[in-house]
Structure formats: C-alpha cells, structure tokens
Amino acid sequence: MSDFQILGQDAVLRPMLAAARQGSLSGCYLFEGPDGVGKHEAAIMVALTAACEAESAGARPCMVCQTCKTMRSGTHPDLIEVGLDPSKRTPTISVAQAREVIRVARLHRYHARHRVFVVDPFDRMVPQASNALLKTLEEPTPGTTFILVTARVSSLLPTIISRSQRVRFRMVNANLLREWLADQGFDNPARLAALSGGRPSKAAELSNGGLEEFDVATAELLEVISAGPTALFKFTEGLSKSGQGRAGWQPVVERYLMVLETLLRDAAVISMGYSEDVIHERGVVESWAEALWPTGFERIQSELLTTRTRIEANVNARLVMEPLIACVATELGSARQRR
C-alpha cells in the first residue's frame, strides 16, 4: 500500500511513517484536524508501519505479513482502538475505559515490533478519565505509542496537549478531491468536492443518497426561513419529536447546518466579487449576498457558533435550531425592510 492513499495528507504522513519504520515514534501524538480528512485511517497506517514484520524497513507496511493482516482486521492485540463507551447513553469515553487502557498499557506488548493505542474521538473523553491517563501518556512503556484523535483540540485539557506531539491534518484541496472522486467513479465529483468541504469521507457519504437529502433539506430550510414564526415553531417541534433522542435529531440538524453554512459561503463569494461557481441556485445566493453583507454575515456566523455550543451541551433540537433560523430570518427580513 502506498504511503499516501490517505488523500492529501502527504506532508503529515511522510515524517510519521518514516519514524514508524525507523522505530523512533514518540510516546504520544495528538492527531488534530477536521472530521473526515483521514486522521483515524492515518493512525492505523502508522500502527501498521510500526508493527509490520517485514525485514526491510522500506517495505513496511507490507500488508501481507500476519501482523499487518490481523491489524487491518482489527484483531491484533497490539493495536488497541478506544472509542465511545457503548454502555453510556451520553457519547463519551469513560473512566472505566481509561482504567482499562492504563491496565493494558502496563503489560508488555504481545509480539509486534510496536504497540499503538488509538483513542478516537479523544475530545469525548470525560475530564476524570483524561486526568487518570496523564501519567501513562507521559511515560508509556517502551515500544508503546498513543495516538489521540480529535476534531476539537480546544476542548482538551492543557495538560493533555502539553504531553502530546501535535500533528495537524488539513482539509483536502478541492481540485485534488474532485480529481480523486472522478478517478474513483463517483457521480457529480465537482459538487461532491464542493459540498464536502475538503473531507473525503464526507464526500463518499454524500454520494450515497446524501446529495438528494441535501437538496430536500435546502428546500425545507429556505421555505421555513421565509414562512414566518408559526412555520418555524412547527418545523422545530417536528425535529424534537423524532422519538430517538439525540441520535435521531442530530444527523438531521447537522444536515440543515451544512445547508446554511454553504448558503453563507456562496453568498460571501458573491459579495466579494468572485466569479467562481456556487453550490446553490445563483438567484438565491445573490439575494442573500445583497441582504447580509457585511454585518448580517457576522451576526449569523456568531449564532452558528452558539448553535454548535448548544449541540455540545446536549440540549434538544428545538432549542438548537429555533434561535438560529429566527436569526437568519430576522437578518434577511430586516434587509428587505430597509430597502
């Protein structure tokens, strides 16, 4: 397997894989960057490279030795992946999981050249668990590396960050992503690349019915923004009655947020005089550009940040979306009244 099949992350992968081949990995890395750009996949690749049985360092990972095969299948005891605790209603990595990591980390690895713990998403680890891990991260046993994966590094404890070597992943260049999607046989590669925001896994997700869902969500959002308070109340009340709790409403809310963020992006492009293609209907984004530039954009962006905070605080769908849509409707309506 090529070093760089994890699209667009050559700059961060090259030194990581070189260190893995040479047996010189540090004890703890923090893989930070947007969701969907390949951080977890890169962590597994580093683990494979460090553990591979191939005699020649340049051949690692060979993908044919027993260690490579079992690590790829997720059954090798020297690759330990720690995710959200399935026993908890709130999506977290628990104290019990941290204690188990500490216990296993004290043991000698089984037989691989190197052992790797991948903790993803680390920002979901409860503070007590993070504190419990501090000593283990600072002084791991020889031949052991921790890779902590996060899209929200600002939420981590400073003591965790200070004990980690930070590795920053970036969005994939839109042209590179579009070419890759076309090479892989995806339909609508240009639109997928634009909507995914440089995130290959998001592009793949959108290709599987996601574009149609996005178009439906766009029509619904535009309708409720223009329809008035009664329609807004009915819309947000419907989101809260999915019957599945957060797991039911959050993916739907995220889709509406994606619609709004791309509408704002398109309107900003038009406002600043760029001639590049836009994702949404041009007449819609031109009217938004005229109505919102510049202070309306700032107020809506501020409300979007608050919305993200509300989601993290685990409030219900109505409290998440109602203030945001009301803000957008107010900004657009105020602009029409001024004219």
Side-chain angles (χ1 to χ4, degrees), residues 1-18 31-46 48-49 61-64 68 72-73 120-121 149 151 167-222 251-252 254-286 288-289:
M1 180 180 287
S2 165
D3 293 356
F4 308 122
Q5 287 188 339
I6 298 164
L7 189 68
Q9 306 299 337
D10 305 31
V12 294
L13 266 179
R14 190 184 299 276
M16 286 293 305
L17 295 180
F31 281 17
E32 58 182 282
D35 285 323
V37 297
K39 300 187 300 299
H40 191 97
E41 293 80 359
I44 301 303
M45 176 65 80
V46 170
L48 284 165
T49 305
C62 68
M63 298 300 175
V64 295
C68 283
R72 291 190 78 186
S73 68
D120 182 13
V149 181
V167 181
R168 293 176 174 86
F169 288 72
R170 308 294 185 190
M171 296 290 197
V172 177
N173 175 273
N175 291 332
L176 175 63
L177 180 54
R178 183 177 64 250
E179 292 171 5
W180 179 80
L181 290 167
D183 289 343
Q184 298 297 312
F186 286 94
D187 294 330
N188 301 308
R191 192 163 186 236
L192 286 173
L195 281 175
S196 65
R199 295 170 290 171
S201 66
K202 184 64 178 179
E205 176 188 326
L206 284 167
S207 73
N208 188 25
L211 287 179
E212 292 81 0
E213 292 176 345
F214 178 84
D215 289 339
V216 170
T218 299
E220 291 173 345
L221 191 62
L222 290 173
V252 179
E254 290 289 349
R255 192 177 305 127
Y256 289 123
L257 294 183
M258 182 180 177
V259 169
L260 181 54
E261 287 165 349
T262 52
L263 279 164
L264 289 173
R265 176 264 179 197
D266 281 358
V269 165
I270 297 295
S271 296
M272 292 184 286
Y274 293 112
S275 59
E276 63 184 271
D277 292 337
V278 294
I279 296 168
H280 295 276
E281 183 183 336
R282 198 169 189 90
V284 172
V285 295
E286 285 177 347
W288 278 45

Asker: Hey, are Asp266 and His280 close enough side-chain-wise for a donor-acceptor pair under 3.5 Å?
Answerer: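 Their side chains do not contain a donor-acceptor pair, so the 3.5 Å distance test is not met.
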Asker: Mind checking the CZ-OG spacing from Arg178 to Ser196? Nearest 0.5 Å is all I need.
Answerer: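 Reported value, rounded in 0.5 Å steps: 11.0 Å.
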Asker: Working to the nearest 0.5 angstrom, can you tell me the gap between Leu13 CG and Met45 CE?
Answerer: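 Atom-to-atom, Leu13:CG and Met45:CE are 7.5 Å apart.
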Asker: Nearest 0.5 angstrom please: Leu7 CG to Arg199 CZ, how far?
Answerer: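 One gets 14.0 Å once the value is rounded to the nearest 0.5 Å.
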Asker: Calculate, to the nearest 0.5 Å, the distance between atoms NE2 and OG belonging to His40 and Ser201 respectively.
Answerer: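 Taking NE2 in His40 and OG in Ser201, the distance rounds to 12.0 Å.
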Asker: For a side-chain contact (heavy atoms from CB on, under 4.5 Å) with Leu211, tell me which candidate from Leu195, Val216, Asp187 qualifies.
Answerer: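 Of all the options given, the one that passes is Leu195.
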Asker: Which atom names give the shortest non-hydrogen contact between Ala151 and Asp35, and what distance separates them?
Answerer: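 In this case the closest contact between Ala151 and Asp35 is CB-OD1, 3.2 Å.
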Asker: Could you report the tightest heavy-atom contact between Val37 and Phe169, atom names first, then the distance?
Answerer: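 The pair with the smallest heavy-atom distance is CG2-CB, 3.9 Å.
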Asker: Should Leu192 and Lys202 count as side-chain neighbours, where that means a heavy-atom distance under 4.5 Å?
Answerer: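 Result no, sub-4.5 Å side-chain heavy-atom pair not found.
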Asker: Would you indicate whether the side-chain heavy atoms of Trp288 and Val284 approach each other to under 4.5 Å?
Answerer: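 The answer is yes; the side chains approach within 4.5 Å.
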Asker: Are the side chains of Trp180 and Val172 in contact, using a 4.5 Å heavy-atom criterion?
Answerer: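 Sidechains of Trp180 and Val172: no contact.
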Asker: At their closest point, which heavy atom of Ala182 faces which heavy atom of Pro189, and how far apart are they?
Answerer: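 The answer is N-CB, 3.8 Å.
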Asker: Using a 3.5 Å distance criterion without hydrogens, assess whether the side chain of Arg255 forms a donor-acceptor pair with backbone atoms of Val252.
Answerer: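 No.
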Asker: Determine whether Arg282 and Ile270 make a side-chain contact, defined as any pair of heavy atoms from C-beta on separated by less than 4.5 Å.
Answerer: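 Contact flag for Arg282/Ile270 side chains = yes.
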Asker: Is there a side-chain contact between Asp120 and Lys39 in this structure, where contact means two heavy atoms from C-beta onward sitting under 4.5 Å apart?
Answerer: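 A side-chain contact is absent here, since even the closest heavy-atom pair is not under 4.5 Å.
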Asker: How many angstroms lie between CG in Asn208 and CD in Glu213, if you round to the nearest 0.5 Å?
Answerer: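 So the gap between those two atoms works out to 8.5 Å.
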Asker: Using 0.5 Å steps for rounding, measure from the CD atom of Glu41 to the CD atom of Gln9.
Answerer: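 It is 10.0 Å, given to the nearest 0.5 Å.
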Asker: Would you say that Met258 contacts Leu206 through its side chain, given a criterion of any heavy-atom pair below 4.5 Å between the two side chains?
Answerer: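 Met258 vs Leu206: side chains touch.
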Asker: Testing the basics here: between Cys68 and Pro61, what is the closest heavy-atom pair and its distance to 0.1 Å?
Answerer: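 Closest approach of Cys68 to Pro61, heavy atoms only: SG-CB, 4.1 Å.
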Asker: Looking only at atom types and distance, does a side-chain atom of Asn188 sit under 3.5 Å from a main-chain N or O of Arg191, one as donor and one as acceptor?
Answerer: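 Here the side-chain-to-backbone pair does not exist.
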